[in-house]
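For reference, the structure discussed in these notes is given below.
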Amino acid sequence: MSKKEIQGLTVKKTEDFSEWYTQIVQKAELADIRFGIQGFIVHRPWGFFIIRKIYEYLEEEIENQNHLPFLFPIAVKEKDLKKEKEHAGFTPNVFWITEAGESKLEERFALRPTGEAQIYPLYSLWFRSHKELPFKGYQSRLSVFRNEMTTRPFLRGREFLFFESHDVFNTHEEALNQIELDLKTCKKVIQHKIKLPFLYFKRPQWDKFKGADNTFTPDTLMPDGKRNQLASTHDLGQNFSRAYDIKVIDKNEKEQFVWQTCFGPGIWRIMAALIGIHGDDKGLILPFDMSPIQVIIIPITFTKKKEESEKIIKLCKELEEKLKKQNYRSKFDNSEQTPGFKYNKWELMGVPIRIEIGPNEIKNKSLSIILRTEKTKKVIRIKDLELSIPKFSKKIDDDIKKRADIYFKNNTREAKSLDELKKLIVEYRGFIKVPFCSIEKDGEKCADILKTETDGGNICGTLYPKEEKLKLSQKCIICNKEAKHIVYVAKSY
């Protein structure tokens, strides 16, 4: 990294979030957008380490639920992509493989936009008896491809990182139980480990996953007030099993179609929320376990005091090795840059703990500690470092969670009329609660009017699992008919 590249962020997060986000993605070395094809980015090492952590958390959690890993090819048959009527809606946005060398292919293939059309034709061959179910499978650390017209690193892309589970059951009750487990996975991983707050929604029927009976999502808010959907889990009913002929012989020796669910945590979207919600005007702020470097050690030396400088360097090296033996990801920054330059660099990168060692520390057998979430310096004895790191790491994670929760708290307003909604969505943005006629298909017309009138406001859905109760005689803010739901509205990416 050159000195020019780490001059720091030049805008404040609260004043120009869009530019702040662009700068932090580039300057903190999360991604490189100079690959040359719109919507295709390079995941740089610092950013990819963080993303790999997200994958690890998810894999560990769902394997504890008895999911088994598999990996399917990148290509999807055109006929398979079109088998389920609603799911065929993906086809206008797929990339097609039509040639091999100089020869036209007899049958064109698509780069997978999602996994259902790849996986379910094989499921129809894998299962024959109810005794083989439930089956829980997932694939991880892969890419999917969709021809998005508007792209932004970690928010929208033509190639983006993916994770999906595909589960098969004998009964609908088992499938619904899995939906609840998927939502618990979101809470354990996204909320507890990554410290991102969200609300659960049941999506309206016109905005559910293509081919699903129902879709449920954890949604957060970015600092520009826009909704960020962090994951989704889908009750597929028997729609795909009928389309792909996935049947088993049940206990009564009768053939029946299976029940299915699928779950898709948004790897990119989680990364975007981590950047946007936790970061500050100095750069990234990372939970301790997610940081590529957890402890950075910076010497404060003086060329005219060689003997003293040598003692400082020696102690820095010893601490680095000691921390590594204790399984902390530590680094001694012995580059030729000034201490101030190093402070700014590692704050930008989000390193949780900084240790400074200079003449005073050598003299007093102490260490100066700066936590990324605090401005004040702590001084501890060298011999207390081993016991202090766990305390500091917990303090950092607690600070991150507290900040995120405060940021997210009171982020919802209420509108009783369309005019009030239009005013709030401009002035406040965020989530806005309104009475609405229906989240079934018959409400879509009102949803379209709402979106037009608010210049892009989307109905996120109703709170789940406990939907809010309507007040007596509330009317839909669009059609003025009796309202059946309180829905949440927000602008989205």
Side-chain angles (χ1 to χ4, degrees), residues 35 37 39-43 48 51-52 54-56 58-59 62-63 66-128 132-148 151 156-168 209-212 231-234 236 239-247 258 260-269:
F35 184 67
I37 305 175
F40 292 81
I41 69 170
V42 175
H43 295 83
F48 195 67
I51 283 174
R52 195 173 63 181
I54 300 172
Y55 274 122
E56 287 174 3
L58 290 165
E59 289 164 356
I62 70 165
E63 286 187 8
N66 300 316
H67 283 81
L68 300 173
F70 52 55
L71 183 62
F72 275 69
I74 198 172
V76 189
K77 286 185 177 182
E78 181 176 7
K79 67 177 183 179
D80 288 336
L81 195 56
K82 295 180 177 180
K83 274 187 179 179
E84 206 288 322
K85 187 177 179 181
E86 277 193 23
H87 196 68
F90 272 113
T91 53
N93 295 318
V94 303
F95 290 95
W96 295 106
I97 304 168
T98 60
E99 297 178 13
E102 297 181 356
S103 302
K104 292 275 187 181
L105 296 176
E106 292 183 6
E107 178 185 10
R108 67 177 182 170
F109 306 99
L111 295 179
R112 62 172 166 240
T114 181
E116 290 74 16
Q118 295 181 297
I119 295 167
Y120 298 165
L122 272 295
Y123 275 10
S124 71
L125 304 176
W126 288 3
F127 311 119
R128 288 290 177 263
E132 298 171 293
L133 303 182
F135 175 81
K136 300 182 181 185
Y138 80 96
Q139 55 182 0
S140 179
R141 310 190 191 213
L142 68 157
S143 294
V144 294
F145 304 85
R146 298 176 194 170
N147 189 26
E148 298 281 359
T151 61
R156 284 193 178 275
R158 289 178 170 176
E159 178 190 23
F160 54 95
L161 299 179
F162 210 59
F163 181 108
E164 57 184 344
S165 68
H166 294 273
D167 301 344
V168 188
F209 181 71
K210 298 179 189 301
S232 57
T233 181
H234 314 288
L236 302 182
N239 301 326
F240 284 88
S241 64
R242 293 181 184 278
Y244 292 92
D245 200 33
I246 311 171
K247 295 182 288 190
V258 300
Q260 293 177 263
T261 65
C262 62
F263 172 45
I267 304 300
W268 262 26
R269 289 300 186 96

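Note that this is a predicted model, so its numbers are computed, not measured. Note: hydrogens, waters and symmetry copies are ignored here, and every other heavy atom, side chains too, is used.
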I119 CD1 to T114 OG1 distance, which is reported to the nearest 0.5 Å: 7.5 Å

Distance, nearest 0.5 Å, that separates NZ of K210 from CG of N239: 14.0 Å

4.5 Å side-chain heavy-atom contact, L122 and F72: yes

NE2-NE2 distance between H166 and H234, expressed to the nearest 0.5 angstrom: 9.0 Å

Note, Y123 side chain near F240 side chain (heavy atom, < 4.5 Å): no

Separation of I54 CD1 from R269 CZ (nearest 0.5 Å): 13.5 Å

Residue pair Y244 / V258, side-chain heavy-atom distance below 4.5 Å: no

Heavy-atom side-chain proximity of Y120 to E84 below 4.5 angstrom: no

Minimum-distance pair of heavy atoms, taken over all atoms of D245 and K247: OD1-CE, 2.8 Å

Working for side-chain contact (heavy atoms from CB on, under 4.5 Å), residues F90 and V76: CA-CA 12 Å; F90 272 113; V76 189; over 6 Å; no

Note, W126 side chain near I246 side chain (heavy atom, < 4.5 Å): no

Pairs flagged by salt bridge (charged side-chain N to carboxylate O under 4.0 Å, His left out) wherever residues 106-121 is involved - sequence neighbours left out: E78-R108

Side chain to side chain, F162 and F145, heavy atoms closer than 4.5 Å: no

Plane angle bin for F209 and H87 - parallel if under 30°, tilted between 30 and 60°, otherwise perpendicular: tilted

Heavy-atom side-chain contact between S143 and L161 under 4.5 Å: yes

Value rounded to 0.5 Å, distance of CZ in F35 from NE2 in H43: 12.0 Å

Heavy-atom pair with the smallest gap, counting every atom of A231 and P265: CB-CA, 3.6 Å

Side-chain heavy atoms of I267 within contact of L58, under 4.5 Å: yes

Pairing residues for R242 by the side-chain contact (heavy atoms from CB on, under 4.5 Å) criterion, not counting sequence neighbours: Q238, F257

Donor-acceptor contact present, side-chain H67 to main-chain Y138, <3.5 Å: no

Output side-chain donor-acceptor pairs under 3.5 Å for residues 91-101, partner residues at least two apart or in another chain, one line each.
| from | atom 1 | to | atom 2 | distance (Å) |
| --- | --- | --- | --- | --- |
| T91 | OG1 | A88 | O | 2.7 |
| E99 | OE2 | K104 | NZ | 3.4 |

Closest non-hydrogen atom pair, R158 against E148: NE-O, 3.2 Å

Atom pair CD1/CD of I62 and E164 - distance to nearest 0.5 Å: 10.5 Å

